[in-house]
Amino acid sequence: MKKYWREGEPMVWATGAALTLTLMIAATLIIVVMVNGLGVFWPKNLTLVTLKSGSRVLGEVVQREATASGEGERLQFKIGNRDLYGLDFRWVDEADFEKTELPEAAMVLERQEYGNFYGMLQSVSAPGFEASSSQALEQLMEQVAIKKQGLEEFTEKINDLNRRTSKLEHQKQILFHDDPQKNQDAIAALDRQVEALRGEFEHLVNRQTEAAVELHHYTATFSDVNGTQKTMQATEIVRYYQPNTMNVFEKGLLYLARVVELFIDDPRESNTEGGLFPAIFGTVMLIFLMSLFSFPLGVIAAVYLREYAKDGTAVRLVRIAVNNLAGIPSIVYGIFGLGFFVYGIGSGIDQIFFPERLPTPTFGTGGILWASLTLALLTVPVVIVATEEALGAIPTGIREGSLALGSTKFQALVRILLPMASPGIMTGLILAMARAAGEVAPLMITGVVKLAPALPLDGTFPFLHLDRKFMHLGFHIYDIAFQSPNVEAAKPMVYVTTLLLVLIVLLMSSVAIHLRNKMKKRYTYGTF
Amino acid sequence: MNEQPNAGAAPVIDAQKVNFYYGNSQALHHISLSFPRRQVTALIGPSGCGKSTFLRCLNRMNDLVDGARVEGKILLGDIDINSSAMDVIELRRRVGMVFQKSNPFPKSIYENVIYGLRIAGVRDKATLDEAVEHSLKGAALWDEVKDRLQESALGMSGGQQQRLCIARAIAVNPEVILMDEPCSALDPKSTARVEELIGELRQDYTIIIVTHNMQQAARVSDHTAFLYEGLLVEYGLTKKIFMKPKNKKTEDYITGRFG
């Protein structure tokens with residue numbers, strides 16, 4: 001028995017158990033997210049239930065559970081048609097079922113507004129065209145798609161005009177700010193130009209409206225399961241399909257199409273449907289910018305601390321302080337970022353470079369620059385600690401070897417020490433990136449928004465708009481899970497967004513880990 | 001070996017009354033030693049006697065130690081290496097060093113050899129190529145590695161790595177090479193090769209070697225200095241020191257009665 005304790009058998013068991021517990025918790029989290037997230041886009045069959053009371057229910061079966069009384073089960077249906085019923089979901093006791101079927105004609109419509117519609121096609125109507133077959137719907141949608149493209153061309157032209165107008169307005173603001181009296185003539189000239197553009201603008205808007213109105217005549221009428229008719233404009237319909245007639249392959253294609261849509265489309269229905277592209281873009285760009293700031297800052301600070309600062313009480317205090325920075329709640333960083341970057345530096349920039357726009361702030365409000373700087377501040381201790389450790393782990397012999405050959409301290413650092421420390425530094429960067437990707441609280445007050453009108457990187461000069469607000473997957477999760485008007489309908493999107501965020505972190509980390517392994521190989525053994 | 005220390009041609013390095021302190025504790029007491037050109041001088045003595053410390057004074061490696069302080073004069077040619085007239089970079093280029101533990105950089109063999117030249121700003125490819133061949137031949141390593149110059153130096157054996165470090169040191173063409181127990185981490189075969197190499201290098205370079213190994217000191221050196229507790233006890237021709245030591249301490253140490 002004594003031997004048993006001396007060999008530390010229980011301790012070994014305890015270590016194993018602790019690891020297992022940790023892994024199980026993490027695995028459970030990932031599995032829950034994967035199971036719920038991956039299934040969201042798979043087209044489910046539409047079940048038609050006739051109840052004993054005579055009324056009928058059509059929808060996707062979402063879940064089933066035991067009834068409160070403990071007898072039998074009840075099923076939750078997603079019945080959609082929010083515009084008709086007000087609710088997307090309905091619980092039905094299985095005991096009330098009269099008949100269950102999978103009608104082939106049942107159709108799912110994904111719409112721009114009001115969520116899904118479940119029902120049957122009644123008729124299709126276009127100028128000089130009337131039919132009731134699903135082929136007709138197909139033709140209608142094709143025509144509408146072509147017309148929509150024409151509409152988009154108008155939109156682009158209008159956007160272009162808007163940009164030109166706002167540029168002129170901005171020039172006017174500058175002149176006005178400078179001296180309204182002296183620049184009177186120039187301002188008047190600008191006014192005339194704006195006026196000309198405005199005329200063009202109105203002309204374009206009229207034509208666009210005409211085209212849009214024409215599109216209004218392309219409609220399709222559907223009926224819900226209880227016979228209520230609903231006529232919809234074709235432009236409202238994003239996608240339609242009859243899941244009960246589709247085989248696995250067709251469903252697979254639809255699944256893929258929806259996944260692609262997730263990656264490239266903008267969100268709709270207050271973010272609960274549609275794609276996540278702006279949020280994905282914002283997240284990746286935020287992490288990238290954060291790394292750009294925190295990586296050099298952290299490495300350089302650590303180099304000073306380890307290589308140049310004289311070891312003593314001061315350095316030790318700084319080191320303790322840096323380590324403790326990691327323990328400060330991230331919201332505190334957020335508040336600091338808001339006060340220091342946004343209101344301090346941002347307002348300063350506005351006063352110096354954009355005085356003509358005041359009181360409308362340019363940089364003096366939350367934006368991706370300030371958010372990434374705040375996150376950089378948050379993650380810089382991680383980089384410092386990792387770099388310091390990596391530099392400290394290099395044997396003194398290497399340092400002395402370089403100095404003994406007549407190198408300066410700086411040459412040794414750049415040519416030998418930093419390359420040798422690079423795998424360790426990369427580890428720090430990976431940790432920093434993972435930490436930054438998961439932060440939401442500081443972003444909420446430094447520039448993240450529910451819906452950003454434009455990306456922080458686009459085709460208009462100067463291409464990189466660091467003052468713009470942005471969308472973020474982490475904030476997106478919070479937003480649709482807790483701030484959405486229809487939480488139940490948004491639930492699938494929460495899982496999908498979570499899964500995506502985890503995937504992005506995983507992807508960025510694997511790239512970094514791959515790089516680190518390459519460096520490790522290069523600086524420890526093997527060939528070049 | 002027919003030359004008395006301090007006699008004949010001017011010494012390369014002339015240390016005069018060197019005191020050395022680590023903080024408040026004195027590690028070297030009034031050491032005066034001069035090293036004749038193109039000869040091998042061995043520094044021997046028990047652990048902690050200050051021989052490595054003294055060696056590291058000669059290229060100012062002790063500058064790196066916090067609280068280290070040197071007194072006295074160490075002349076390289078006729079310049080005091082601790083004075084402002086001597087640039088430490090220049091000093092280390094003229095006085096090369098090989099360490100106890102081989103310390104190749106995680107670079108290719110080629111880059112390792114030319115490291116000293118690169119940091120000195122040499123860019124010409126032909127010069128570098130020539131330096132690599134010359135140095136590796138000088139370190140008796142050329143035949144073994146000439147086909148894999150671009151491979152990592154970390155893939156070499158311990159003995160090869162130490163000879164690479166010697167090649168690296170001679171690539172910058174120093175006047176003096178300091179060796180701090182260069183064979184203590186090597187097997188007998190590699191040790192023999194390095195010793196052989198020292199014998200060849202003495203034709204072109206002044207070598208100062210610290211060693212714990214009496215036989216090695218006897219084999220490779222022309223002169224031997226025996227240090228004990230920070231003091232220079234005896235200095236003279238290796239033959240004399242080993243055959244007829246004047247000092248009792250020296251005799252006891254050489255015959256293995258302590259140390």
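In what follows, every chain begins at residue 1, and chains take the letters A, B, ... in the order their sequences are listed.
Looking only at side-chain heavy atoms (C-beta outward), B/Phe105 and A/Arg415 stay at 4.5 Å or farther from each other. The side-chain heavy atoms of A/Glu400 and B/Arg56, taken from C-beta on, include a pair separated by under 4.5 Å. Residues A/Lys310 and B/Asp66 meet the side-chain proximity criterion, which asks for heavy atoms closer than 4.5 Å. No side-chain heavy atom of A/Arg399 sits under 4.5 Å from any side-chain heavy atom of B/Asn103.
For B/Pro174, no part lies under 4.5 angstrom from a heavy atom of chain A. Using a 4.5 Å cut-off between heavy atoms, B/Arg118 touches chain A through backbone and side chain atoms alike.
Enclosure of atom CG in B/Asn24 is not indicated, since only 12 or fewer non-hydrogen atoms of other residues, nucleotides or ligands lie within 6.0 angstrom. Atom NE2 of B/His212 has more than 12 neighbouring heavy atoms from other residues, nucleotides or ligands inside a 6.0 Å radius. The 12-atom threshold is not exceeded at CD of B/Glu130, counting heavy atoms of other residues, nucleotides or ligands nearer than 6.0 Å. Counting heavy-atom neighbours within 6.0 Å of B/Tyr21 OH, excluding the residue itself, gives a total above 12.
A/Met420 and B/Pro106 get closest at one heavy-atom pair: CG-CG, 3.2 Å. Listed here is the closest heavy atom pair of B/Tyr115 and A/Ala412: OH-CA, 3.8 Å.
Taking CZ from B/Arg93 and CG from A/Leu405, the interatomic distance works out to 9.5 Å, rounded to the nearest 0.5 Å. With rounding to the nearest 0.5 Å, the separation of OG in A/Ser402 from CZ in B/Arg168 is 8.0 Å.
Here A/Ala404 is the residue among A/Gly397, A/Pro395, A/Ala404 with the most heavy-atom pairs under 4.5 Å with chain B. Put simply, of B/Ile119, B/Val172, B/Asn59, the one with the most heavy-atom pairs under 4.5 Å next to chain A is B/Ile119.
Considering B/Val88, B/Asp63, B/Leu64 in turn, B/Leu64 is the only one that fulfils the side-chain contact (heavy atoms from CB on, under 4.5 Å) rule with A/Leu403.
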